[in-house]
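One structure is given below, encoded as structure tokens.
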Amino acid sequence: MRQPVFFNTLGRRLEPLEPLVPGQVRIYTCGPTVYDRAHIGNLRTFLFEDLLNRSLRFMGYEVTQVMNLTDVDDRTIQRSQDTGKSLDEITVPVTEAFFSDLDALAIQRADHYPKATEHIAEMIALIERLIAAGYAYESGGSIFFRIAEDDDYGRLSGFDLGQVRQGERVVSDNYDKEDVRDFVLWKAAKPGEPSWESPWGAGRPGWHIECSAMSMKYLGESFDIHCGGVDNIFPHHENEIAQSESATGKPFVRTWIHAEHLIVDGQKMSKSLGNFYTLGDLIEQGADPRAIRYLMLSVHYRDKLNFTLEALEAANGALKRLDEMRFRLAHTGASPGESRLVASVEKMLEAFETALAHDLNVSESLAALFGLVREVNTAIDGGAVVEGDREHVMTALARVDEVLGVLDPEAWRTEAESEGLADDNIDALVAEREQARADRQWGRADEIRDQLQGAGIVLEDARDGTRWKRQ
RNA sequence: GGCGACGUGGCCAAGUGGUAAGGCAAGGGUCUGCAAAACCCUCAUUCGCCGGUUCGAAUCCGGCCGUCGCCUCCA
């Protein structure tokens, strides 16, 4: 089993993965706040996590992934009050849309999607442990974490809170805290807000405690990897560490991996700039989700991803090249003889995995793949494809697609695209045109070609006959 | 003010000490009844700038310039 290295935010360096249980990796990934549809920036992070899971499985690890659904927070409550809808009326449809976005991008499902509102008891229990140990205190019905008690607070983000500028957001926080740096674990209910009963009266959990409680419930008090967007490093993940380790006295997470943000046309995505997109927006504008997946996968997760129309076009072009190779290989004849491709395929697989194991260097994995594409193409042109080569290459493509999830065009074909002429009819027309060409009936041949083109069928007249493809 | 990231060909993007992967675009060629599609080839003496270390640096160190992120509930 390959031992990958990842960039651990805690320590800021590459480290080999050493799962607490050999061969098994437990991962917690911060999920969406389901008050509104996910934007493509959110999806980039989820796609990175999909890549991480798939890569680990590719290398032979057993992966357990948990992703929380934050279904109560300030924004959700605000939305509820603005619209007069209940929390559920807001979060249920958004959650459905979230899963449909995951499906559209071929993101594999996590093992658990715990909802905050269904784990209030676990959160209360964790808060009680913190109070009992002196790490938390009650004030006005709310509970706060006492940062002064946590001597290694700040080691993930590198922030020394004594040096941190005390911004307006802190000052304007109206809760009565011992220390402005303290963060809230439990919020006393305000009139009209949704609330749950607790030993301290009605209230609701703070955001940070949610992730600590749910990750521990499903993955244990110590686990291997915790992911999220870079913006979560401080304060969210810093606070998770503080709460969790103060409560359990054990190391919380061994490896923290954070995904950089996506920007659009060189600028931070924001509604005021008009460059704020959901997946649905892009699909409406004609973007292919398959190309979106390819594009987001092809840029390293720790680099900012500049999402542009041009980049999406390049992704389309790259996919086309891959499709063509597969298409040509499927239609080429094989002759008996010694295969030259077997060694190339093995080399590609080896390079592909090595690159992934090095902090998910997909660019390099893809380079290995394209190296094989050229060799296969050259073999096809030279008539050097032998028996068994096709299966060998196809098997290897299926293998790397366990990670990439973009190589099989059939898997991405929508119903609309599958409609139209049936394959048999197309085959018959192509055969008729072949006959017309043999008879030098150019008029009839071109007529058929135009007819098929009108139906979205492209013909390729190659040396060993005509082949066709859709679109 | 504090902490951090990044700057490689027209665009995107690998490469963290040994002499610049890959994709898109572009140019040339091949195939073809004509086309189309496709394939093949070519395409950075150079890695923001200036110094330094080294036999050797895009890679390490120092400085400068530029872009960007976080700094209490934004993936």
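Numbers restart at 1 for each chain; the letters A, B, ... are given by sequence-line order, proteins then strands. Computation of the quantities below employed the complete heavy-atom set of this structure, encompassing side-chain atoms and omitting hydrogens, waters and symmetry-equivalent molecules.
OP1 and OP2 of B/A5 both lie 4.0 Å or more from every side-chain N or O belonging to A/Arg12. Side-chain nitrogen and oxygen atoms of A/Arg374 include at least one within less than 4.0 Å of the OP1 or OP2 phosphate oxygen of B/G23. Within the 4.0 Å cut-off from OP1 or OP2 of B/C40, at least one side-chain nitrogen or oxygen of A/Asn377 is found. Between A/Lys187 and the phosphate of B/U72, there is no side-chain N or O to OP1/OP2 separation shorter than 4.0 Å. Contact annotation: A/Arg321 reaches the phosphate of B/C39 (side-chain N/O to OP1 or OP2, under 4.0 Å). Neither OP1 nor OP2 of B/A38 sits under 4.0 Å from any side-chain N or O of A/Arg467. At least one side-chain nitrogen or oxygen of A/Lys320 sits closer than 4.0 Å to the OP1 or OP2 atom of B/A38.
Of the residues in residues 360-373 of chain A, A/Asn361, A/Ser363, A/Glu364, A/Ala367, A/Phe370 come within less than 4.0 Å of RNA chain B through at least one heavy atom, sorted by number.
If you check every strand for non-hydrogen atoms under 4.0 Å, A/Asp303 touches sugar and phosphate atoms only. The residue A/His261 sits close to a base: some heavy atom pair falls under 4.0 Å. The residue A/His39 sits close to a base: some heavy atom pair falls under 4.0 Å. Residue contacts shown for A/Thr378 are limited to sugar-phosphate atoms, with no base heavy atom under 4.0 Å away. Within the 4.0 angstrom heavy-atom criterion, only backbone atoms of the sugar-phosphate kind lie near A/Glu310; the bases stay farther away. At the heavy-atom level, A/Ser157 lies under 4.0 Å from the strands shown only through sugar-phosphate atoms. Among the protein residues, A/Arg444 comes within range of no part of the nucleic acid, since none of its heavy atoms lies under 4.0 Å from any strand. Within 4.0 Å of A/Ile233, counting heavy atoms only, lies no atom of the nucleic acid at all. Using a 4.0 Å heavy-atom distance criterion, A/Arg302 is classed as making no nucleic acid contact. Among the heavy atoms of the strands lying under 4.0 Å from A/Gly41 is at least one base atom, whether or not backbone atoms are also near.
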Before giving the answer on ring pair (Phe, Tyr, Trp, His ring centres under 6.0 Å), spell out for A/Tyr153 and A/Phe159 the whole-Å C-alpha distance, their side-chain angles and the decisive distance to 0.1 Å. CA-CA 8 Å; A/Tyr153 186 88; A/Phe159 287 169; 9.5 Å; no

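Judged as a side-chain contact (heavy atoms from CB on, under 4.5 Å), and not counting sequence neighbours, the contacts of A/Arg340 are A/Ala384.
In this structure, a donor-acceptor pair under 3.5 Å is present between the side chains of A/His258 and A/Thr9. Between the side chains of A/Asp427 and A/Trp468, at least one donor-acceptor pair of N or O atoms lies under 3.5 Å.
For B/A36, its base never sits under 3.5 Å from the side chain of A/Arg449 at any donor and acceptor pair.
Comparing B/G10 with B/C47, their P atoms sit 13 Å apart, to the nearest whole Å.
The existence of a salt bridge linking A/Arg181 and A/Asp179 is confirmed by a sub-4.0 Å separation between a basic side-chain nitrogen and an acidic carboxylate oxygen.
At least one test fails for A/Arg302 against the ring of A/Phe48: distance under 6.0 Å to the centre or angle within 45° of the axis.
Scanning all heavy atoms of the two residues, the minimum distance from A/Ile147 to A/Asp182 falls at N-OD1, 2.9 Å.
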